[in-house]
Amino acid sequence: MNKTILVTGGLGYIGSHTVVELQKNAYNVVVVDDLSNSKKEVAERITAITGEPVKLYISDINDQDDLEALFELEAIDGVVHFAAFKSVGESVNEPFKYYANNIGGMIALQKVMNKHRVSSVVFSSSCTVYGDTKQSPIDETHPVVDAISPYGTTKIVCEQILKDLCKHSGVKGVILRYFNPVGAHPSARIGELPLGVPNNLVPYITQTAAGIREKLTVFGNDYNTPDGTNIRDYIHVVDLAKAHVKAMDYALTMDQEYDIFNLGTGKGHSVLEVIKAFEKVSGTDLPHVIGDRRTGDVEQIWADASKAENKLEWTCQYDMEDMMDTAWKWQQSLGAG
Ligand code: UDP
């Protein structure tokens with residue numbers, strides 16, 4: 001019989017793409033989402049892609065009673081846990097909001113999973129746990145250091161909680177450390193829906209090209225990199241989503257207590273290279289200026305993703321131009337508003 005997977009935060013950017021891939025791989029999917037950074041209509045958009053209905057619970061996972069009721073109603077076999085706040089800047093201004101929601105959410109979820117003897121979990125973490133590293137490509141054995149932000153702290157603490165439970169309580173956990181997810185589903189039915197002014201590079205680029213923003217500011221061109229701008233490992237969100245399916249397959253059958261994987265392409269691109277790729281696929285000139293460095297930006301970081309490739313038998317199919325092309329198509333589908 002098909003397994004049933006609960007996806008927390010399943011209407012969000014990465015969550016929605018993961019629901020699509022789980023459904024395409026014959027999993028039954030149940031979504032819990034509090035709509036704090038997503039829209040209910042995303043559920044219908046997922047169905048338009050896969051032809052499968054999305055069983056949706058609108059609730060905050062920190063509400064223990066609601067979560068308990070969900071686990072009573074649904075026979076859950078495993079959980080992919082995304083639901084969390086994710087704005088680095090906001091976390092600096094409102095750290096307690098982040099600690100309470102992100103760490104509290106993990107605890108609430110693990111308590112209910114424990115009670116219902118659901119042991120398999122895939123956790124959405126981030127390369128931010130590597131801090132201000134000078135070493136790239138970076139693999140999973142690199143030490144987890146002091147976080148650069150309260151957001152980063154919540155990822156480190158949640159990883160640690162999960163590892164404890166895996167060591168002592170029979171939980172089977174797969175921790176996925178994302179690099180920079182960008183792009184959108186090729187159907188242009190789902191993608192990123194930033195709240196307000198985007199902090200991240202690619203939504204800022206597409207909104208600028210759409211005329212919503214006047215110009216992009218490149219945060220510094222005096223870094224010690226070939227063109228002076230920061231280097232990141234951008235990964236297409238559909239490739240990332242597919243890795244979650246592989247990780248769930250693994251979590252449901254694994255012998256070892258827990259495992260950790262970097263998810264990136266293994267290639268770095270500078271900010272100027274991203275702009276160039278966008279201009280090429282969109283046929284537009286992107287208005288941009290060079291500005292000051294942004295506080296807290298790591299100079300350059302890209303993944304050694306060979307562990308995921310080898311152990312999960314997963315590879316990236318989309319390149320930088322595909323990332324820009326799908327991000328742009330998604331932006332255009334939203335109109336100029
Ligand atoms: N960036 C930029 N202008 C922007 C937003 C981002 O130059 O308006 C740069 C940023 O300094 C970083 C890269 O783009 O080098 C990726 O930033 P993003 O916020 O998307 O991801 P993160 O910093 O979390 O890696």
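This is a predicted model, so every value here is computed, not measured. Atoms within a ligand are numbered from 1 in the order they appear, just like the ligands themselves.
- Of the protein's non-hydrogen atoms, the one nearest atom 11 (O) of ligand 1 is D297 OD2, 2.6 Å.
- Using a 4.0 Å cut-off between charged nitrogen and carboxylate oxygen, E159 and K155 do not count as a salt-bridge pair.
- Residue N230 has at least one heavy-atom neighbour below 4.0 Å for each of these atoms of ligand 1: 11 (O), 12 (C), 15 (O).
- Listed by number with element, the atoms of ligand 1 under 4.0 Å from a non-hydrogen atom of N180 are 21 (O), 22 (P), 25 (O).
- Among the atoms of R294, some N or O lies under 3.5 angstrom from an N or O of ligand 1.
- Of the possible donor and acceptor atoms, none in the side chain of T47 sits under 3.5 Å from a partner among the backbone N and O of G51.
- Set against the non-hydrogen atoms of V218, the atoms of ligand 1 under 4.0 Å away are 7 (O).
- For ligand 1, the atoms closer than 4.0 angstrom to any heavy atom of T217 are 2 (C), 3 (N), 4 (C), 7 (O), 8 (O).
- Heavy atoms of other residues, nucleotides or ligands lying less than 6.0 angstrom from CD of E214 number 12 at most.
- Of the protein's non-hydrogen atoms, F219 CD1, 3.3 Å is the one closest to atom 2 (C) of ligand 1.
- The part of L216 lying near ligand 1 is the side chain, judged by heavy-atom distances below 4.0 Å.
- In this structure, Y151 does not count as a contact residue of ligand 1, since none of its heavy atoms falls inside 4.0 Å of the ligand.
- For atom 18 (P) of ligand 1, the choice among T128, N200, V197 with the nearest heavy atom turns out to be N200.
- Heavy-atom contacts from other residues, nucleotides or ligands closer than 6.0 Å to CG of D222 number more than 12.
- Atom 25 (O) of ligand 1 has as its closest protein heavy atom R232 NE, 2.6 Å.
- A 4.5 Å side-chain heavy-atom check between K311 and D259 finds at least one atom pair inside the cut-off.
- The side chain of Y234, and not its backbone, has at least one atom closer than 4.0 Å to an atom of ligand 1 (non-hydrogen atoms only; side chain from C-beta on).
- Comment: K276 does not engage E273 in a salt bridge, judged by the lack of any side-chain N to carboxylate O separation of less than 4.0 angstrom.
- Between the choices N221, V271, I231, I205, the shortest heavy-atom distance to atom 9 (C) of ligand 1 belongs to V271.
- Electrostatic pairing of D249 and K3 does not count as a salt bridge here, judged by no charged N lying under 4.0 Å from a carboxylate O.
- For N224, the CG atom sits in a loose shell: 12 or fewer heavy atoms of surrounding residues, nucleotides or ligands are nearer than 6.0 Å.
- Contacts between N199 and ligand 1 below 4.0 angstrom, taking non-hydrogen atoms only, involve the backbone exclusively.
- Taking atom 20 (O) of ligand 1 as the reference point, the nearest protein heavy-atom neighbour is L201 N, 2.9 Å.
- A salt bridge between K172 and E257 is absent, with no side-chain N of the basic residue lying under 4.0 Å from a carboxylate O of the acidic one.
- Using a 4.0 Å cut-off between charged side-chain N and carboxylate O, K115 and E68 make a salt bridge.
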